[in-house]
S.K.: 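Dumping the structure here so I can ask a few things about it.
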Amino acid sequence: MISWRKHYKKTLIAIGLLLSTSASIYGQDGDPKNGEKLFKANCTACHALDKQVVGPPLKGVVERVKTEGGVDKDWLHKWIKNNKELRASGDKYANEIFEKYNKTEMQVFPNLSDKDIDDILAYTTNPPAPEPATTDAAKDTAAAGTANAAPQSSTTTNIVIISLLAIAGLLVWILLKLRQLVKLGQSEELSGLNETRVRSFREIYEKYHYVGKALLAILAILAAYGVWNWLMWIGVYKGYKPEQPIYFSHKIHAGEQKIDCQLCHSSAKYGKVSEIPSMNVCMNCHRTISEYNADHYMEPGKDKAFYDGEIQKIYAATGWDAQKQQYTGKTQPVEWTRIHNMPDFVYFNHAQHVVAGEQAIINSFNKKNPNNKIDVVCKACHGKIDTMNVVQMANDFTMGWCIECHRTTEVDMNNGYNKEYFKNLHEKLKKQYPKDGGKITVDAIGGIECGKCHY
Ligand code: HEC
Ligand code: HEC
Ligand code: HEC
Ligand code: HEC
Ligand code: HEC
Ligand code: HEC
């Protein structure tokens, strides 16, 4: 019984830890969702998250003001509520940034509560992934067609968390009951009361004991499942669709004008990355195309003047003087916002998929989506880019997404690359996987080994 009591303490501690870590993962200082609303209603006239508008970009501002100005959240509260008052009080950093931004006045927000401000700051610290797009974007996404529709990560995670919490709660309750019983048993033993009651306690104890153990086992399994789930669906950015410095439309270039993806993203064939084209590539065409004809396609809400202005930005960037038809030498680099971006510890190679895997991926995608076939391999992962005015992430780009496709895509063992590369392996694999009639999916050639995708 003594040993049980020891265990019980340890278990309680373990459950406590579990509860507190899950709370710290999922609980946050401020509600970023509400913060987003407030931010959009009050701040976007002058601020964006990632770029300077009238005021500085506000992503990660809590950290930034700490390093740049040595000030804390308290300062941010004062600044956001009433920056004038703060400046008037002689605050050094407040006056510094006011000078830095050419004495542009920021509006005062006396009506924002402390909680509102915490929410906004939570949003700037941790902007939630955009909602799976609505209206127009939703159509794009639907058209984009997900090769491997992933289960909605948030609902799965929520179910796991809720069941974990429920089970943990139950366990705590049972342990407390047990402790009462142990105490009861002890006092009865001490006072030497009748044995039958003690025996009946033993029986109960034994019963609960197994229930407790079973619950512990379930808890462990659920925890493992939760961790795995978290790994598989971490960092879902589907729908991410930032604004770009030039309003470059894929719908117009790749869709209307039918320009091949690889004319601009030529490096996809050769290696790891599939870069954004340099301005020189644009100039190959735009040296002569200085205006938008506007005769066949116009996005609602835009007009010819808008598109012409965007084309002018190419000239500004490359220093092209369209009148004199010569370069002035004054260039301005264009900083495209990167949309797809795997963490550093992931190895993803375009050539492997665009060259070696091309046919396999197209075939498999078209088999899974008979009503939404693709002609270009890129679309299996990036969706129907040629229908998007603004590029957005069409898939989850999580580990679960990569692995799901590797499990279900049959490799084309007869293409030039694999024929050579897997000469010997092929026969061996055919024998090893007879169950699928000799079908070999990417996982069979190592596509789900950790080392293949992680450095
Ligand atoms: C009318 C334009 C305007 C609006 C609206 C505005 N700001 Fe500002 N903000 C600025 C400018 C300009 C600065 C730069 C400092 C200066 O010139 O006073 C700034 C600076 C800041 C800073 C300091 C950043 C740093 O790098 O030190 C924070 C924080 C900030 N704003 C938050 C907000 C929040 C939150 C909102 C919405 C509730 C908001 N601002 C609304 C114009 C604005
Ligand atoms: C005329 C040149 C051009 C053509 C043709 C073109 N793109 Fe792009 N692509 C760009 C530029 C410029 C950007 C960066 C701006 C943006 O995101 O819209 C870009 C961005 C992208 C991105 C997002 C990159 C990131 O930051 O993660 C993807 C994915 C992409 N293109 C895929 C395609 C596919 C697929 C096709 C063919 C259907 C295609 N592109 C055709 C020029 C081109
Ligand atoms: C292969 C030729 C070609 C290349 C390369 C090319 N464009 Fe275009 N671009 C066109 C054509 C054609 C149009 C549409 C003209 C029309 O319909 O009147 C156009 C239209 C545009 C427009 C106005 C419509 C829109 O998309 O907003 C912009 C802006 C533009 N291009 C930017 C770029 C940039 C930036 C690059 C380099 C990354 C680039 N283009 C590369 C051919 C090209
Ligand atoms: C198997 C899925 C897959 C296919 C097929 C694919 N991509 Fe990608 N693409 C990705 C992933 C994953 C990333 C992010 C890579 C990173 O961050 O390292 C990416 C990133 C990009 C980028 C951003 C720049 C970069 O390299 O990180 C561009 C542009 C791009 N892809 C264009 C293309 C084009 C064009 C094609 C077709 C020729 C294509 N992709 C085919 C998965 C794919
Ligand atoms: C649309 C399906 C698809 C998606 C999504 C996909 N892959 Fe692949 N991948 C393939 C195919 C098909 C091959 C086999 C190519 C061949 O024939 O060699 C492959 C091969 C690979 C290989 C080489 C495996 C080996 O043993 O040589 C690596 C590494 C890889 N993929 C990484 C990734 C990563 C990382 C992601 C996610 C960011 C990803 N893939 C997403 C289809 C996909
Ligand atoms: C087919 C490619 C692929 C394989 C195989 C793969 N991973 Fe991953 N893994 C990824 C990608 C892609 C990400 C990044 C996902 C993101 O950032 O959304 C990732 C992320 C992770 C992370 C980081 C989660 C975080 O905190 O961001 C861990 C840990 C991890 N993988 C472990 C593993 C282990 C262990 C294995 C072997 C059982 C494995 N991976 C096999 C593609 C792969």
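Order of listing sets the numbers, starting from 1, for every ligand and every atom in it. The first residue in the sequence is number 1, and the count goes up from there.
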S.K.: If the contact criterion is a heavy-atom separation under 4.0 Å, does Tyr347 count as touching ligand 5?
M.R.: yes

S.K.: Any salt bridge between Lys115 and Asp31, counting N to O under 4.0 Å?
M.R.: no

S.K.: What protein heavy atom sits nearest atom 22 (C) of ligand 2, and how far away is it?
M.R.: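 I find the closest protein heavy atom is Val391 CG1, 4.1 Å.
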
S.K.: If the plane angle is over 60° it's perpendicular, under 30° parallel, otherwise tilted; pick one for His353 and Phe348.
M.R.: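 Answer is parallel, since the angle falls under 30°.
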
S.K.: For a distance under 2.8 Å, tell me if His265 has an N/O/S atom near atom 8 (Fe) of ligand 2.
M.R.: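 It does; at least one qualifying atom falls short of 2.8 Å.
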
S.K.: For atom 4 (C) of ligand 5, which candidate among Cys405, Ala360, Ala356 provides the closest heavy atom?
M.R.: Cys405

S.K.: Would you mind listing which atoms of ligand 4 come within a distance below 4.0 Å of any non-hydrogen atom of His382?
M.R.: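 Once the distances to His382 are compared, the set is 6 (C), 7 (N), 8 (Fe), 9 (N), 10 (C), 19 (C), 20 (C), 21 (C), 30 (C), 31 (N), 32 (C), 33 (C), 39 (C), 40 (N), 41 (C), 42 (C), 43 (C).
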
S.K.: Side chain, backbone, both or neither: which applies to Met342 and ligand 4 if a contact is any heavy-atom pair less than 4.0 Å apart?
M.R.: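 For Met342, the contact with ligand 4 is made by both the backbone and the side chain.
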
S.K.: Counting heavy atoms only, which of Leu263, Ile276, Ile246 is nearest atom 14 (C) of ligand 2?
M.R.: Ile276

S.K.: Out of Cys378, Ala351, Ser266, who is nearest to atom 41 (C) of ligand 4 when you count heavy atoms only?
M.R.: Cys378

S.K.: Regarding Glu36 and Lys33, does a basic nitrogen lie under 4.0 Å from an acidic carboxylate oxygen?
M.R.: no

S.K.: Who gets closest to atom 17 (O) of ligand 2 by heavy atom: His286, His250, Gln244?
M.R.: Gln244

S.K.: Any non-hydrogen atom of Asp260 lying under 4.0 Å from ligand 2?
M.R.: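 Judged by the 4.0 Å heavy-atom criterion, Asp260 does count as contacting ligand 2.
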
S.K.: Arg338 heavy atoms, cut-off 4.0 Å: which ligand 2 atoms fall inside?
M.R.: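 Near Arg338, the atoms of ligand 2 are 26 (O).
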
S.K.: List every atom of ligand 2 that sits less than 4.0 Å from any heavy atom of Ile259, numbering the atoms from 1 in the order shown and giving each element.
M.R.: 5 (C)

S.K.: Kindly compute the distance separating CD1 (Ile120) from NZ (Lys37), expressed to the nearest 0.5 Å.
M.R.: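 Ile120 atom CD1 to Lys37 atom NZ measures 12.5 Å (nearest 0.5 Å).
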
S.K.: Out of all atoms in ligand 5, which are within 4.0 Å of some heavy atom of Ile361? Include the element for each.
M.R.: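 Once the distances to Ile361 are compared, the set is 1 (C), 12 (C), 42 (C).
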
S.K.: Which ligand 5 atoms are under 4.0 Å away from a heavy-atom of Thr409?
M.R.: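 Within the 4.0 Å cut-off of Thr409, ligand 5 contributes 12 (C).
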
S.K.: Output yes when the distance from some N or O of ligand 2 to some N or O of Asp386 is under 3.5 Å, and no in every other case.
M.R.: no

S.K.: When you check the gap from the basic side-chain N to the acidic O, do Glu310 and Lys313 get nearer than 4.0 Å?
M.R.: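 Looking at Lys313 together with Glu310, the answer is yes, because their closest N to O distance falls below 4.0 Å.
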
S.K.: Among all the protein's non-hydrogen atoms, which is closest to atom 12 (C) of ligand 2, and how far away is it?
M.R.: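 Checked against all protein heavy atoms, atom 12 (C) of ligand 2 sits closest to Trp336 CZ2, 3.7 Å.
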
S.K.: Mind checking whether Phe348 has a heavy atom under 4.0 Å from ligand 5?
M.R.: yes

S.K.: For the side chain of Asn366 and the backbone of Ile374, is there at least one donor-acceptor N/O pair under 3.5 Å apart?
M.R.: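 Confirmed, Asn366 side chain pairs with Ile374 backbone.
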
S.K.: Is the contact between Cys282 and ligand 2 made by the side chain, the backbone, both, or neither, using heavy atoms and a 4.0 Å cut-off?
M.R.: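 Looking at Cys282 and ligand 2, no heavy atom falls under 4.0 Å.
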
S.K.: Quick one, Lys81 and Asp114 - any side-chain contact, counting heavy atoms below 4.5 Å?
M.R.: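 A side-chain contact under 4.5 Å exists here.
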
S.K.: Under a 4.0 angstrom heavy-atom cut-off, which atoms of ligand 4 come close to Gln262?
M.R.: 38 (C)

S.K.: First locate atom CZ of Arg87, then atom CZ of Phe98, and finally report the distance between them rounded to the nearest 0.5 Å.
M.R.: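 With rounding to 0.5 Å, CZ (Arg87) is 4.0 Å from CZ (Phe98).
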
S.K.: Using distance alone, determine whether Trp401 and ligand 5 share an N or O pair under 3.5 Å.
M.R.: no

S.K.: Backbone N or O of Ile289 within a donor-acceptor pair of the Arg287 side chain at under 3.5 Å?
M.R.: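 Absent.
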
S.K.: Does any N or O in the side chain of Lys241 come within less than 3.5 Å of the main-chain N or O of Val391, such that one atom is a donor and the other an acceptor?
M.R.: no

S.K.: Just checking: His406, one of its N/O/S atoms, less than 2.8 Å away from atom 8 (Fe) of ligand 5, yes or no?
M.R.: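 So His406 counts as coordinating atom 8 (Fe) of ligand 5, yes.
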
S.K.: Just let me know how Ile385 lines up against ligand 2, side chain, backbone, both or neither, with a heavy-atom cut-off below 4.0 Å.
M.R.: side chain

S.K.: Please round to the nearest 0.5 Å and tell me the distance separating atom CE of Met106 and atom CD1 of Ile97.
M.R.: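 Taking CE in Met106 and CD1 in Ile97, the distance rounds to 8.5 Å.
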
S.K.: Tell me which one of His454, His340, Gln352 gets a heavy atom nearest to atom 28 (C) of ligand 5.
M.R.: Gln352

S.K.: Roughly how far, to the nearest 0.5 Å, is CG of Leu263 from SG of Cys285?
M.R.: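 Taking SG in Cys285 and CG in Leu263, the distance rounds to 7.0 Å.
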
S.K.: Relative to each other, are the rings of Tyr247 and Phe306 parallel, tilted or perpendicular (30° and 60° limits)?
M.R.: perpendicular

S.K.: Looking at Thr409 and His406, would you say the former's side chain and the latter's main chain have a donor-acceptor pair under 3.5 Å?
M.R.: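 Here the side-chain-to-backbone pair does not exist.
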
S.K.: Could you name the option among Ser249, Cys264, Gly255 that has the heavy atom nearest to atom 3 (C) of ligand 2?
M.R.: Cys264

S.K.: What atoms in ligand 5 come closer than 4.0 Å to a heavy atom of Val411?
M.R.: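 So the atoms of ligand 5 that pass are 16 (C), 17 (O).
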
S.K.: Can you classify the ring geometry of His250 versus His265 as parallel (below 30°), tilted (30 to 60°) or perpendicular (above 60°)?
M.R.: parallel

S.K.: Looking at Lys251 and Glu299, is any side-chain nitrogen of the basic one under 4.0 Å from a carboxylate oxygen of the acidic one?
M.R.: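 A salt bridge is absent here (no side-chain N lies under 4.0 Å from a carboxylate O).
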
S.K.: Do Thr124 side-chain atoms and Val61 backbone N/O form a donor-acceptor pair below 3.5 Å?
M.R.: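 It does not hold such a pair.
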
S.K.: By number and element, which atoms of ligand 4 are closer than 4.0 Å to a non-hydrogen atom of Val377?
M.R.: 5 (C)

S.K.: Just jot down the ligand 5 atoms closer than 4.0 angstrom to any heavy atom of Gly357, in number order.
M.R.: 15 (C)

S.K.: Do any heavy atoms of Lys379 fall under 4.0 Å from ligand 4?
M.R.: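 Judged by the 4.0 Å heavy-atom criterion, Lys379 does not count as contacting ligand 4.
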
S.K.: Heavy atom under 4.0 Å from ligand 2: found in Cys261's side chain, backbone, both, or neither?
M.R.: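 Within the 4.0 Å criterion, Cys261 contacts ligand 2 through backbone and side-chain atoms alike.
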
S.K.: Quick check: does any side chain N or O of Ser290 sit under 3.5 Å from a backbone N or O of His286, one acting as donor and the other as acceptor?
M.R.: no

S.K.: Any nitrogen or oxygen of Ile339, side chain or backbone, less than 3.5 Å from one on ligand 2?
M.R.: yes

S.K.: Below 2.8 Å, any N, O or S contact between His253 and atom 8 (Fe) of ligand 2?
M.R.: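 Checking atom 8 (Fe) of ligand 2 against His253, no N, O or S atom falls under 2.8 Å.
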
S.K.: Within 2.8 Å of atom 8 (Fe) of ligand 5, is there any N, O or S atom belonging to His353?
M.R.: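 So His353 does bind atom 8 (Fe) of ligand 5 by this criterion.
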
S.K.: Report the distance from atom CD1 of Ile259 to atom CD1 of Ile252, rounding to the nearest 0.5 Å.
M.R.: 10.5 Å

S.K.: Report the member of Val442, Thr408, Asn349, Thr398 with the shortest heavy-atom distance to atom 11 (C) of ligand 5.
M.R.: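 Answer by nearest heavy atom: Val442.
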
